[in-house]
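Proteins get letters first, then strands, A, B, ... in listed order; numbering begins at 1 in each.
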Protein chains: 2
Amino acid sequence: MSNENYHHENLKADLIKKGLKLLDEEGYENFSLRKVAKACSVSHTAPYRHFDSKDDLILAIAIEAHLKFNQCLEEAVNKHPKDNKSQLKEMGYAYVKFFVENPEYLRLFFLSDFANNLKKMNHESLLNGEQPFNTFYQAIERCQGEIQNREGESVDPNAMALSCWGLVHGMAILIAKKDFSYDGDYLELVRKVLWAGTFLDL
Amino acid sequence: MSNENYHHENLKADLIKKGLKLLDEEGYENFSLRKVAKACSVSHTAPYRHFDSKDDLILAIAIEAHLKFNQCLEEAVNKHPKDNKSQLKEMGYAYVKFFVENPEYLRLFFLSDFANNLKKMNHESLLNGEQPFNTFYQAIERCQGEIQNREGESVDPNAMALSCWGLVHGMAILIAKKDFSYDGDYLELVRKVLWAGTFLDL
DNA sequence: AATTAATGTTTACAGTGTCAACATAATAAT
DNA sequence: ATTATTATGTTGACACTGTAAACATTAATT
């Protein structure tokens, strides 16, 4: 560390941090490698010593964001230590809330390179129990025994998973993207949907 | 039309057509104005005589695609001329099917500039009854009188709309993006979810 | 027939991701 | 301790992008 101007103490971490900030501020569309480099006061090719490509940096940022997301979901679970259904409902609410409050993460999670990045991510660092979709999925599985439909039959686990996840995911996107317009408190409406006695009371 | 090489008979329509094709083939990420221009055998700035910007062309393409989407939804409605609930279920199925078969349209519809383009579109040419989300929304409204929850109470229209739309939208995205992995026929599973006696049987 | 508008082309510019060649600092091997 | 090696930075170049300005040609209007 003799010449402070040459070696940036921890550039890799800084690129992720500043990159996430840039993404928040300017949006996915206006995100560029060179801007991130400039934000870190470093030459425009310096990131290549730490990331293979732009997509690779975005992937790293996405992983970072997933950790935040996962934390939100787990906090929701912990609100209802012994009630599986309430866990799942609370988690659905947190799921929507997270994306409504961080709409830019939607693109990061689900659009960065359409399945490619996310697929890679799933197979790598997030498979060690920190994957939010696993967190969500597991909560669904814990409920499975407790759910019947109106005829008292048990429910197809796959149909239930798709249904729960789809509902929550769809609401999050529609609201975050402002496609669903409603003249009131969106999150309150979500609460109503999830606790209406229909969700999970198949 | 004396010199065929100079004036391209109907460049505007051709740009939209070839643009849509390019989008299908190369994906949103690799879509470029110059490629579309080249596909139309025209200089790279010619599109600017018909569209203000790249986003403006994409918007026009998105409108074109919405018409296709809308057609799918209306065909679904017409399968059940007098049964509002069946109309809505069939429409939900068509909704998912459309995006599963045309995954690239997801980005076009919901990511082209995050609400900006779509918002413009909603306020312009698609407000004349051709807007698919209106088609969907109206089907929901037609059902409203027929739906009660388990306690026999009528359901908050807004909660119902968000719930129906959200479920279908979410399933479409999760499946199209291959985030929901299932070892079987996805569309059959969707059918099961929608006809399980839970959807619309609040 | 002359003027104007519509629709093309060429050229130029700044911004992008990425690669190759080079420079410096930190580390390992002698 | 000196040297060789590796890690991490910089500079410069390239092809590609969107877009604006200046110019050219054809179609439409007067």
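Look at CG on D56(A): it is 12 Å from P on dC19(C), rounded to the nearest Å. Between the CG atom of L11(A) and the C1' atom of dA26(C) there is a distance of 16 Å, given to the nearest Å. Rounded to whole angstrom, the span from the CD atom of E29(A) across to the P atom of dG15(C) amounts to 18 Å. If you measure from atom CG of L15(B) to atom P of dT7(C), you get 12 Å, rounded to the nearest angstrom. What separates CZ of R49(B) from P of dT9(C) is a distance of 10 Å, to the nearest Å. A straight line from CZ of F51(B) to P of dT7(C) spans 12 Å, rounded to a whole angstrom.
Considering all non-hydrogen atoms of both residues, L88(B) and A139(B) come closest at CD1-CB, 4.1 Å. The nearest pair of heavy atoms linking E104(A) to D24(A) is CB-OD1, 4.2 Å.
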Acceptor/donor pairs from residues 43-52 of chain B side chains to any protein atom, 3.5 angstrom cut, sequence neighbours excluded:
| from | atom 1 | to | atom 2 | distance (Å) |
| --- | --- | --- | --- | --- |
| H44(B) | NE2 | R34(B) | NH2 | 3.4 |

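Applying the ring-ring contact (aromatic ring centres under 6.0 Å, His included) test between F99(B) and each of Y105(B), F109(B), Y186(B), Y93(B) identifies F109(B) as the sole match.
Contacts between residues 18-27 of chain B and DNA chain C, counted as heavy-atom distances below 4.0 Å, involve no residue at all.
Y95(B) and W165(B) are linked by a side-chain donor-acceptor pair at a separation below 3.5 angstrom, with hydrogens and angles left out of the test. At a cut-off of 3.5 Å, with distance as the only test, a side-chain donor of H80(A) or E90(A) sits close to an acceptor on the other residue.
Between E75(A) and K79(A) there is no salt bridge, since no side-chain nitrogen of the basic residue lies less than 4.0 Å from a carboxylate oxygen of the acidic one.
A 4.5 Å side-chain heavy-atom check between F98(B) and L106(B) finds every atom pair outside the cut-off.
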For nucleotides 17-19 of chain D, list the nitrogen or oxygen atoms of the protein found under 3.5 Å from its nitrogen or oxygen atoms, one pair per line.
| from | atom 1 | to | atom 2 | distance (Å) |
| --- | --- | --- | --- | --- |
| dT17(D) | OP1 | S32(B) | OG | 3.1 |
| dG18(D) | OP1 | L33(B) | N | 2.9 |
| dG18(D) | OP1 | K54(B) | NZ | 3.4 |
| dG18(D) | OP2 | L33(B) | N | 3.2 |
| dG18(D) | OP2 | R34(B) | N | 3.3 |
| dG18(D) | N7 | R34(B) | NH1 | 2.4 |
| dG18(D) | O6 | R34(B) | NH1 | 2.8 |
| dT19(D) | OP2 | Y48(B) | OH | 2.8 |
| dT19(D) | OP2 | K54(B) | N | 2.8 |
| dT19(D) | O5' | Y48(B) | OH | 3.0 |
| dT19(D) | O4 | R34(B) | NH1 | 3.3 |
| dT19(D) | O4 | H44(B) | NE2 | 3.4 |

